[in-house]
Amino acid sequence: MRREPVPRFGIGEWYGYSFVHLTPERRRQFAELAHIQTKRNAPPCPFLSGGAVTVPCPKKGGICSLRLYRPVGDSSAVPVEGEAGSLRVVCPHRFKQDGVIYSKIGETILGTPSPIRVNEVRFLKRTNELTAETEGEEESEPESEDVGNIDTVLVNPDITLLRWCALEIQAVYFSGRQMGLLFTHIKEYAGEGIPFPDLGPLISTFPN
C-alpha cells in the first residue's frame, strides 16, 4: 500500500520575508544569494536594522524561521494550517523585532518598558595556570581568553533603584553545508507555486 507523503519542514521566513509570499523569481534570487552570501552582499536584517542603522543579515543562508508544508501534486506544497503550521524561529535575531522582547522583559522584571540595553557584555575569563617544570625557571604571564559573553544586560534607567537583569537569547540552530541542497532545489523548481522542501540525497538516507 502506497504511503501518503508526510508534511515536512521548510523555510518559513527568508532574509526577513515570508517564504510563502515571495514570488518564484524572488525565491530563486535568494537561493542564488544564499550560496554566495558574504557581509558585503547580504541584504539588511529587518530585525536588527532600524532608523538610520542598517545591519546586514549575519546568518549564512538567511533563514529566519521554519514552518511545516504539506505536498500537493508532484513537487509543490502549501503551508500547514493551524498551530502546527506556525513559525519556528531558528535565528536568535528574529526575536528582536521592534525591540518588543526588551520592553516586555523590562516592564515585567525591571518595572520599565524602556530599559537601557548593554550588548555583548564580557564575563568569565579563562586563566591557564602555568607552572615551572624546573626550579628557578622564569614564569611567564598567564594566558587568558573570554569564555563567553552575556547577550544583553537590561538596566532600569532610574539609578536610584539599581535594578538590572541579564538576557540570553537562544534559538534552535539550523545551518550547515547540506543546506545548499535545499537552496539548489528551490533554484531549480520550475513551478509557479511553493516548492515542497527537498534535500535530495540527504532525505533518501532517512528511515521510512
Side-chain angles (χ1 to χ4, degrees), residues 7-69 71 75-80 85-102 117 119-122 145-146 148-152 167-206:
R8 184 179 294 167
F9 280 101
I11 300 174
E13 295 166 306
W14 207 2
Y15 292 114
Y17 295 88
S18 168
F19 188 81
V20 172
H21 296 147
L22 290 172
T23 64
E25 179 59 29
R26 191 63 165 158
R27 293 191 195 110
R28 286 189 281 271
Q29 290 174 357
F30 279 172
E32 288 276 5
L33 174 60
H35 279 295
I36 59 171
Q37 180 185 332
T38 66
K39 290 182 179 179
R40 292 187 176 183
N41 65 14
C45 171
F47 313 116
L48 294 177
S49 305
V53 178
T54 299
V55 180
C57 172
K59 184 174 183 182
K60 182 69 174 177
I63 298 178
C64 315
S65 62
L66 305 178
R67 74 183 311 167
L68 271 176
Y69 295 90
S75 59
S76 298
V78 293
V80 171
S86 60
L87 297 174
R88 277 77 160 176
V89 173
V90 291
C91 175
H93 300 304
R94 179 62 182 86
F95 292 114
K96 301 175 183 179
Q97 182 177 7
D98 299 328
V100 173
I101 189 172
Y102 305 116
R117 302 200 310 246
N119 296 322
E120 299 298 330
V121 179
R122 294 183 177 185
E145 61 180 8
D146 291 334
N149 296 339
I150 299 174
D151 289 342
T152 304
L167 173 62
E168 285 288 303
I169 301 177
Q170 300 291 332
V172 175
Y173 197 73
F174 187 72
S175 186
R177 288 179 297 177
Q178 295 291 1
M179 288 303 302
L181 298 173
L182 177 61
F183 301 146
T184 298
H185 171 69
I186 294 170
K187 184 173 61 174
E188 296 177 350
Y189 174 73
E192 291 300 315
I194 301 170
F196 187 62
D198 189 0
L199 291 178
L202 182 65
I203 289 297
S204 66
T205 64
F206 291 172

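In this chain, numbering begins with 1 at the start of the sequence shown. For clarity, every value in this text was computed on a predicted model and none was experimentally measured. Note that these values count all heavy atoms, side chains included, but never hydrogens, waters or copies made by symmetry.
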Testing the basics here: between [X] and [Y], what is the closest heavy-atom pair and its distance to 0.1 Å?
X	Y	result
Ala171	Val90	CB-C, 3.8 Å
Thr184	His35	OG1-NE2, 3.3 Å
Glu168	Asn149	OE2-O, 3.5 Å
Ile194	Arg27	CG1-NH2, 3.6 Å
Gly10	Pro197	CA-CG, 3.5 Å
Thr38	Asn41	N-OD1, 2.7 Å

Salt bridge (Lys or Arg N to Asp or Glu O under 4.0 Å) partners of residues 32-54, not counting sequence neighbours, each pair once: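 Passing the test, one end in residues 32-54: Glu32-Lys187.
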I'd like a table of donor-acceptor pairs (distance under 3.5 Å, sequence neighbours excluded) in which one partner is a side-chain atom from residues 16-24, with atom names and distances.
residue, atom, partner, partner atom, Å
Ser18, OG, Val20, N, 3.4
Thr23, OG1, Arg26, N, 3.1

[X]: side-chain hydrogen bond (donor to acceptor under 3.5 Å, both in side chains) partners, not counting sequence neighbours:
X	result
Asn119	Thr152
Glu192	none
Ser49	none
Tyr69	none

Looking at side-chain heavy atoms only, is the closest gap between [X] and [Y] below 4.5 Å?
X	Y	result
Leu33	Trp14	no
Cys64	Leu87	no
His93	Val55	no

Counterpart residues, salt bridge (Lys or Arg N to Asp or Glu O under 4.0 Å), relative to Arg28 (two or more places apart):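 Listed in chain order: Glu25.
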Residues forming a side-chain contact (heavy atoms from CB on, under 4.5 Å) with [X], sequence neighbours excluded:
X	answer
Ser75	Tyr189
Val80	Pro7, Leu68, Arg70, Ala84
Gln97	Phe47, Arg94
Ile169	Pro92, Phe95, Lys96, Ile101, Tyr102, Asp151, Leu167

Reported CD1-to-CD distance for the pair Ile150 and Glu120, which is rounded to 0.5 angstrom: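 So the gap between those two atoms works out to 10.0 Å.
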Nearest-0.5 Å distance that lies between atom CZ in Phe183 and atom CD1 in Ile63: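 These two atoms lie 4.0 Å from each other.
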Worked verdict on Gln37 versus Tyr15 for side-chain contact (heavy atoms from CB on, under 4.5 Å): CA-CA 11 Å; Gln37 180 185 332; Tyr15 292 114; 2.6 Å; yes
